[in-house]
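Please read the structure below before turning to the comments.
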Amino acid sequence: AQKVTQAQTEISVVEKEDVTLDCVYETRDTTYYLFWYKQPPSGELVFLIRRNSFDEQNEISGRYSWNFQKSTSSFNFTITASQVVDSAVYFCALSEAKVADGLTFGKGTHLIIQP
Amino acid sequence: DAGVIQSPRHEVTEMGQEVTLRCKPISGHDYLFWYRQTMMRGLELLIYFNNNVPIDDSGMPEDRFSAKMPNASFSTLKIQPSEPRDSAVYFCASSSGLTGLPEAFFGQGTRLTVV
């Protein structure tokens with residue numbers, strides 16, 4: 001069975017600080033995908049990134065970066081120089097790729113950026 | 001391209017009433033998913049369709065819940081009779097199996113309150 005754990009329920013930082021959101025996953029498959037989604041206060045779920053299990057290269061997109069380490073089954077998300085607009089709930093999710101059978105989500109991390 | 005469209009955005013109904021939630025997936029997507037989000041259980045997959053055919057409904061909580069997809073551009077999730085514990089945000093999502101990439105794109109959700 002697959003499982004995603006986001007141990008940080010809530011994080012609060014002051015604007016311009018860097019912040020890392022942790023994600024640990026469990027799966028028996030060798031082929032799988034990992035995702036991050038953002039849920040701002042307005043409620044929608046916004047897709048941020050997908051990584052497949054064969055690509056461990058870190059990825060950077062502007063102030064966002066992702067660190068995928070298969071050895072520790074982790075897929076952590078870092079926001080550099082945080083801004084108030086980054087305040088949201090962030091979800092890590094897993095899909096076992098052999099069938100597009102939906103995503104298994106973590107419980108989410110509520111990120112609060114204080115001005 | 002329009003994203004996933006859900007209606008209504010908010011629904012308040014009395015216990016025992018029938019509730020129908022609607023979803024229009026992204027054009028060309030062949031997978032459609034219904035998720036439910038609650039504080040206690042987080043985001044849960046209820047059911048998904050491939051090419052309008054229900055593939056896995058093991059997440060549907062009980063027989064009061066039913067989902068249909070009469071064509072590629074429309075799906076409904078019905079609760080009859082509704083109960084207060086059904087109060088949640090219901091998300092519809094779609095993805096394209098043709099790309100082989102399982103990220104799902106979500107609608108804005110329907111916030112259901114059963115009183």
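Heavy atoms only: backbone and side chains are in, while hydrogens, waters and symmetry mates are out. Residue numbers start from 1 in every chain, and the chains themselves are labelled A, B, ... in the order their sequence lines are given, proteins ahead of strands.
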Inset, instruction - Sort by residue number and list every member of residues 43-74 of chain A having a non-hydrogen atom under 4.5 Å from chain B. - result: A:Gly43, A:Glu44, A:Leu45, A:Phe47, A:Arg50
Legend entry - Positions in residues 108-115 of chain A that reach chain B, provided some heavy atom is under 4.5 Å away: none
Inset, instruction - Kindly indicate whether the side chain of A:Tyr33, heavy atoms from C-beta on, has any atom under 4.5 Å from the side chain of B:Glu103. - result: no
Inset, instruction - Taking atom CG of B:Asp63 as the centre, report whether more than 12 heavy atoms of other residues, nucleotides or ligands fall under 6.0 Å from it. - result: no
Legend entry - More than 12 heavy atoms from other groups under 6.0 Å of CD on A:Glu10: yes
Is [Y] reachable from [X] through a run of hydrophobic residues whose side-chain heavy atoms are each under 4.5 Å from the next?
X: B:Tyr48; Y: A:Phe35; value: yes
X: B:Phe105; Y: B:Ile47; value: no
X: B:Tyr90; Y: B:Leu45; value: no
X: B:Ile55; Y: B:Met69; value: no
X: B:Leu32; Y: B:Met60; value: yes

Legend entry - Part of B:Met40 lying under 4.5 Å from any heavy atom of chain A: backbone
Inset, instruction - Identify the two heavy atoms, one from A:Leu103 and one from B:Tyr35, that lie closest to each other, and give their separation to 0.1 Å. - result: N-OH, 2.8 Å
Legend entry - A:Tyr37 side-chain N/O to B:Ala104 backbone N/O, donor-acceptor pair under 3.5 Å: yes
Inset, instruction - Decide side chain to side chain contact (heavy atoms under 4.5 Å, CB included) for B:Phe91 and A:Gln39; before the verdict, give the C-alpha distance in whole Å, the side-chain angles of both, and the deciding distance to 0.1 Å. - result: CA-CA 12 Å; B:Phe91 285 101; A:Gln39 187 173 40; 3.5 Å; yes
Legend entry - Interface moiety of A:Thr104 toward chain B, non-hydrogen atoms closer than 4.5 Å: neither
Legend entry - When B:Gln37, B:Arg41, B:Arg111 are compared by non-hydrogen pairs under 4.5 Å with chain A, the top option: B:Gln37
